[in-house]
Q: 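Take this structure first; my questions come after.
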Amino acid sequence: MQSQRARLYQIAYSDETWASVPKDFLALDNRANLRPDWAEYWPIRNFLLSETLDENALYGFVSPRFAEKLLCTAADIADFVASLPQDVDVAAFSPYFDFRVMFRNVFEQGEFFHPGLFDLSQRAFAEFIPGLNLHELTMSASNTIYCNYFAAKPHFWRKWLALGERIYSMAESSKHPAAPALNRGYAHRGANQAKVFVMERMVSLLLAREKTCKVALFGETTLSDIFPEATAELLQRLEVLKTRSLQGDPRALHEFYEIQHEILSGKSAKLERARLIAQSLEHGVAHAPSRGFEQWQSAPATMLYRQGQIGLGRLLVNFVCGR
């Protein structure tokens with residue numbers, strides 16, 4: 001049962017997903033799915049542009065896979081949001097605690113899974129956020145959200161939509177120089193376009209920049225199965241180090257990156273990178289890493305050579321060096 005406080009919607013992309021909307025959520029009808037290239041942004045955008053919102057309510061929009069990712073029920077989320085005090089601006093129920101603390105920010109995490117996403121995000125957002133430098137942006141677990149799993153008051157959604165519409169205009173323009181990169185494919189459950197993953201990170205960018213937003217975190221979270229080397233002790237240490245960095249400790253980030261390097265150098269992380277690269281090639285999609293992340297070996301030299309992104313000399317050097 002929805003409360004006046006919680007207005008939670010599950011997006012329906014088909015008759016099957018329409019029928020599967022749990023009783024604790026409302027259904028957001030996107031069965032026409034006119035712009036699948038925009039994924040969740042399209043139905044959320046249409047809702048925000050067309051509906052009159054209650055300024056005191058918290059609105060959220062989740063994909064049909066939310067229960068699978070969060071390992072909880074719709075009732076758990078609905079009860080959490082409904083129980084929050086009136087001064088909460090954003091209710092976050094993001095999965096994957098390891099993703100939230102293992103990377104300095106959501107764009108660094110995006111670079112691991114989608115090579116080239118970091119530079120593209122910097123290029124897109126810096127066009128209308130003067131002085132933005134994603135390399136210097138530290139986010140904590142309290143303002144890092146994945147999968148658009150959050151509910152927020154209308155005043156926050158308006159800021160989110162205003163930011164999203166700037167990216168939307170870029171991608172839809174035949175003349176904007178960033179449009180081809182935003183509309184290129186990434187191999188992720190059917191080769192979604194890069195703009196989808198840029199958009200998904202807007203909420204965290206807003207929260208990191210808007211210090212006055214009061215955020216409430218859902219108490220339960222999940223871990224991915226990608227980084228078994230990231231023990232609970234290491235993950236907690238990483239979060240402490242990021243918090244210390246935000247408080248001005250100049251040494252904290254150095255230790256943070258030492259621990260991160262240890263985890264990303266592990267067998268499981270390397271196997272995941274290899275799987276992502278193979279999946280990209282299977283979809284005919286591959287990208288060079290963003291500047292500064294070459295140490296992650298985001299794409300093998302042979303792939304970059306075939307794309308014309310490096311010359312024969314660089315290819316031979318990589319072979320000699322065993323890369």
Side-chain angles (χ1 to χ4, degrees), residues 6-11 22 24-25 28 39-41 44 58-84 88-114 117 121 134 137-153 156-157 159-160 163-164 188-189 192 196-211 213-227 230 232 234-236 238-240 242-243 246 260:
R7 307 287 178 84
L8 302 174
Y9 292 81
Q10 181 171 305
I11 302 170
D24 295 281
F25 281 5
L28 181 57
E40 290 154 26
Y41 184 71
I44 298 174
L58 291 165
Y59 291 82
F61 311 90
V62 301
S63 68
R65 296 182 63 216
F66 88 95
E68 171 191 338
K69 293 182 179 181
L70 286 171
L71 300 179
C72 68
T73 67
D76 293 330
I77 300 301
D79 290 345
F80 161 66
V81 177
S83 69
L84 296 175
V88 168
D89 300 295
V90 177
F93 35 95
S94 180
Y96 309 140
F97 182 71
D98 47 348
F99 290 0
R100 288 158 56 196
V101 301
M102 257 185 54
F103 299 92
R104 186 174 178 181
N105 58 51
V106 292
F107 302 100
E108 191 178 273
Q109 183 270 352
E111 177 66 23
F112 182 87
F113 290 94
H114 312 294
L117 190 70
S121 299
L134 297 182
L137 182 62
T138 302
M139 296 176 176
S140 69
S142 63
N143 58 19
T144 298
I145 295 175
Y146 290 109
C147 310
N148 290 316
Y149 287 177
F150 70 98
K153 286 181 175 177
F156 184 86
W157 278 114
K159 294 174 182 177
W160 181 91
L163 192 58
H188 177 82
R189 298 185 66 82
N192 286 5
V196 172
F197 303 106
V198 173
M199 291 288 200
E200 184 185 312
R201 286 161 174 79
M202 291 192 305
V203 56
S204 300
L205 179 60
L206 282 170
L207 291 176
R209 291 176 56 81
E210 304 221 358
K211 310 298 185 183
C213 266
K214 185 170 182 179
V215 182
L217 299 178
F218 184 56
E220 301 174 31
T221 187
T222 55
L223 298 175
S224 74
D225 57 0
I226 295 173
F227 306 112
L234 280 180
L235 292 175
Q236 291 296 337
L238 288 169
E239 178 63 1
V240 167
K242 288 207 289 184
T243 301
L246 288 167
Q260 185 199 67

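Side chains are part of it too, since the values below use all heavy atoms of this structure and drop only hydrogens, waters and symmetry mates. On a predicted model such as this, the values are computed, not experimentally measured, just so you know.
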Q: Quick check for you: to the nearest 0.5 Å, what is the distance between I44 atom CD1 and L28 atom CG?
A: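 CG of L28 is found 8.0 Å from CD1 of I44.
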Q: Could you check whether any side-chain N or O of Q10 sits under 3.5 Å from a backbone N or O of P64, counting only pairs where one atom can act as donor and the other as acceptor?
A: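 Not at all, since once roles are kept as given, no pair shorter than 3.5 Å links the two residues.
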Q: Is a side-chain donor or acceptor of N143 paired with a backbone partner of S204 at a separation under 3.5 angstrom?
A: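 Pair absent, no side-chain N/O of N143 close to backbone of S204.
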Q: Would you indicate whether the side-chain heavy atoms of L205 and L137 approach each other to under 4.5 Å?
A: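 Of all side-chain heavy-atom pairs linking L205 with L137, at least one is under 4.5 Å.
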Q: Could you tell me which non-hydrogen atom of T221 sits nearest to which non-hydrogen atom of S94, and how far apart they are?
A: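 Heavy atoms of T221 and S94 come nearest at OG1-O, 3.4 Å.
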Q: Going by heavy atoms in the side chains, are F103 and T144 under 4.5 Å from each other?
A: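 No, their side chains stay 4.5 Å or more apart.
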Q: Would you mind reporting whether L223 and L235 have side-chain heavy atoms less than 4.5 Å apart?
A: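 Side chain of L235 against side chain of L223, heavy atoms only: contact under 4.5 Å found.
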Q: If you round to the nearest 0.5 Å, how far is CZ of F156 from CG of L207?
A: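 The CG atom of L207 sits 4.0 Å away from the CZ atom of F156.
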Q: Measure from the side-chain N and O atoms of N105 to the backbone N and O of L134, and report whether any donor-acceptor pair falls under 3.5 Å.
A: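 Flag set: sc N105 to bb L134 pair under 3.5 Å.
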Q: Does any part of the side chain of R201, heavy atoms only, come nearer than 4.5 Å to the side chain of L117, both counted from C-beta?
A: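 With C-beta onward as the side chain, the pair touches.
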Q: Y149 versus F218: any side-chain heavy-atom pair under 4.5 Å?
A: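 Counting from C-beta outward, Y149 and F218 never come under 4.5 Å.
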Q: With side-chain contact (heavy atoms from CB on, under 4.5 Å) as the criterion, how do Y41 and N148 come out once you've worked through the C-alpha distance, each side chain's angles and the decisive distance to 0.1 Å?
A: CA-CA 9 Å; Y41 184 71; N148 290 316; over 6 Å; no
Q: Within the side chain of W157, is there an N or O that forms a donor-acceptor pair under 3.5 Å with the backbone of A152?
A: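 Yes.
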Q: State yes or no: are the ring centers of F93 and F66 separated by less than 6.0 Å?
A: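 For F93 and F66, the ring centres are not under 6.0 Å apart.
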Q: Relative to each other, are the rings of Y59 and Y9 parallel, tilted or perpendicular (30° and 60° limits)?
A: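 Aromatic pair Y59/Y9 classed parallel.
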Q: Looking only at side chains, do Q260 and R104 share a donor and an acceptor under 3.5 Å apart?
A: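 Absent: no donor and acceptor within the cut-off.
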Q: Could you go through the side-chain contact (heavy atoms from CB on, under 4.5 Å) check for Y96 and K69 one step at a time?
A: CA-CA 8 Å; Y96 309 140; K69 293 182 179 181; 3.5 Å; yes
Q: Do V215 and S142 have side-chain heavy atoms sitting under 4.5 Å apart?
A: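 Answer no - side chains too far apart.
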Q: Minimum heavy-atom separation for V88 and K153, please, with both atom names.
A: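 So the minimum-distance heavy-atom pair works out to O-CE, 3.2 Å.
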Q: Determine whether T73 and P22 make a side-chain contact, defined as any pair of heavy atoms from C-beta on separated by less than 4.5 Å.
A: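 No; the side chains remain at least 4.5 Å from each other.
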